Amino acid sequence: MKILLTGASGYVGARIYFDLKSYFHIIGTYFSNRLSQELIQLDITDKSQVKKVIGDIKPEVIVHVANSPSSQWCEANPGEAIKLNQTSTEYLLDVANKNNIKIVYVSTMGAIIPKDLYQKTKAASEKTVKLAQAGYLILRPSVGIGCSPNTTSDNFFNKLLDCIEHKEQAVFDTSLKLQPTHVAHISQVIQKSLEKDMWNLTIPISVSEMRSRYDIAKDLLEQFGVKVTPVNEHIPPFNSVEGVDNELKKLGLPSFSYEQVIERTISEIKNRSNFVI
């Protein structure tokens, strides 16, 4: 099976590329940060480029990950955010429908009840992806943890790695509770779904347990001798999904407890030099 993966240089996209290249013929794209010479350049906001790259590669499946996941950037740059996170999905759908290509879209739990522009663009893209005539999968992870070939993106997990590298005391919020997602879990759900030929589904990918960023940081960083201090930032609640384990098991897809994710992540951090593409 030939797969085109957009955003293969981002934190989530790079891990998906790393995990899936052993199982499928996968071609990954980047925009400006070329993590590997294997990746090809694509500006997904350029409709003509999207058409040409897909026409040249002729994938059976497009896994669409390319976007800006920063709510702050989206709010500060609304026009660019809509073009990157929403209009580009419309470009991909148009070409996919003309070439009988299936789409796997990596969304966010925030799309369930969108509260900011980032979440609204993801919710809009979900509606677009559901128009895929050959078939679609919408995956809804939460805040990602776990090692990726991309260690420079400004996200929660890479900040944890920085704390470990520099042995710096860390301060994290206790107010916001969320259901973390192990990034390898996203790859596993994609792999199993493709192998089982499962389509036209929206699938949550996370643990069932609710934890704060402080809880996650403490459980990980203290294993590496980094002290973690709590702070209450009074952040409004994040979207949560009940019965994630049951839904994944009902579909015959892998599921993990919070404790399993922490154990796996600690092991990955100890062997983080292996995660390269």
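All values reported here derive from a predicted model rather than from experimental measurement.
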Undergrad: Classify the ring geometry between F18 and F275 as parallel (under 30°), tilted (30 to 60°) or perpendicular (over 60°).
TA: tilted
Undergrad: Strictly distance-based, threshold 3.5 Å: is any side-chain N or O of S267 a donor or acceptor partner for the main-chain N or O of E263?
TA: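 The answer is no, because no donor-acceptor pair under 3.5 Å joins these two groups.
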Undergrad: Does a side chain donor of either Q169 or T229 reach within less than 3.5 Å of an acceptor in the other side chain?
TA: yes
Undergrad: For P114 and A123, work out which heavy atoms get closest and say how close.
TA: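 Looks like CG-CB, 4.0 Å.
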Undergrad: Here's a test for you: under side-chain contact (heavy atoms from CB on, under 4.5 Å), which of R211, E242, M109 qualifies with Q179?
TA: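 The residue from R211, E242, M109 that satisfies side-chain contact (heavy atoms from CB on, under 4.5 Å) with Q179 turns out to be M109.
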Undergrad: Quick check for you: to the nearest 0.5 Å, what is the distance between L161 atom CG and L220 atom CG?
TA: 9.5 Å
Undergrad: Is the ring centre of F256 less than 6.0 Å from the ring centre of H185?
TA: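 Yes, the ring centres sit under 6.0 Å apart.
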Undergrad: Answer whether the closest heavy-atom distance between the side chains of S125 and Y105 falls below 4.5 Å.
TA: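 Contact flag for S125/Y105 side chains = yes.
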Undergrad: Between R272 and E165, does any NZ, NE, NH1 or NH2 come within less than 4.0 Å of an OD or OE carboxylate oxygen?
TA: yes
Undergrad: Can you hop from V231 to V226 via hydrophobic side chains spaced under 4.5 Å?
TA: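 Per the 4.5 Å side-chain linkage, V231 and V226 are not co-clustered.
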Undergrad: Assess whether a salt bridge exists between D94 and K98, defined as any Lys/Arg side-chain N lying under 4.0 Å from an Asp/Glu carboxylate O.
TA: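 Salt bridge present between D94 and K98.
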Undergrad: Would I27 and L39 count as a side chain to side chain contact (heavy atoms under 4.5 Å, CB included) here? Give the steps.
TA: CA-CA 7 Å; I27 297 96; L39 305 182; over 6 Å; no
Undergrad: Looking at every heavy atom in both S187 and R15, which two are closest together, and how far apart are they?
TA: OG-O, 3.8 Å
Undergrad: Can you list the steps and then say if N99 with K58 is a side chain to side chain contact (heavy atoms under 4.5 Å, CB included)?
TA: CA-CA 8 Å; N99 294 276; K58 297 179 174 58; over 6 Å; no
Undergrad: Set out, in order, the CA-CA distance, both residues' side-chain angles and the distance that settles side chain to side chain contact (heavy atoms under 4.5 Å, CB included) for T89 and T121, then state yes or no.
TA: CA-CA 10 Å; T89 309; T121 60; over 6 Å; no
Undergrad: Would you say Q41 and T29 make side-chain contact, with heavy atoms under 4.5 Å?
TA: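 Q41 vs T29: side chains apart.
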Undergrad: Looking at every non-hydrogen atom in both residues, tell me the closest pair between V244 and S206 and how far apart they are.
TA: CG1-O, 3.4 Å
Undergrad: Looking at every heavy atom in both L84 and S68, which two are closest together, and how far apart are they?
TA: CD2-N, 3.6 Å
Undergrad: Taking atom types as modelled, find out whether T151 and N158 have a side-chain donor-acceptor pair closer than 3.5 angstrom.
TA: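 Per modelled atom types, T151 and N158 side chains form no pair under 3.5 Å.
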Undergrad: Does either side chain, that of Y258 or that of D215, offer a donor lying less than 3.5 Å from an acceptor on the other one?
TA: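 No pair is found: no donor N or O on one side chain lies under 3.5 Å from an acceptor on the other.
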Undergrad: Answer yes or no: is there a side-chain heavy-atom contact under 4.5 Å between V104 and W199?
TA: yes
Undergrad: Report the C-alpha separation of E38 and K21 in whole Å, then their side-chain angles, then the decisive distance to 0.1 Å, and conclude whether the side chain to side chain contact (heavy atoms under 4.5 Å, CB included) test is met.
TA: CA-CA 11 Å; E38 298 174 3; K21 68 177 184 175; 4.1 Å; yes
Undergrad: Go through the side-chain N and O atoms of D46 and S48 and say whether any donor and acceptor fall under 3.5 Å apart.
TA: yes
Undergrad: Any chain of hydrophobic side-chain contacts (each under 4.5 Å) joining L178 to V207?
TA: yes
Undergrad: So do the side chains of Y30 and L35 get within less than 4.5 Å of each other, counting heavy atoms only?
TA: no
Undergrad: Kindly indicate whether the side chain of L253, heavy atoms from C-beta on, has any atom under 4.5 Å from the side chain of S193.
TA: yes
Undergrad: Any chance the side chains of D173 and S175 put a donor and an acceptor closer than 3.5 Å?
TA: yes
Undergrad: Might you point out which heavy atoms bring V65 and T6 nearest each other, and give the distance in Å?
TA: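 Of all heavy-atom pairs spanning V65 and T6, the closest is N-OG1, 3.0 Å.
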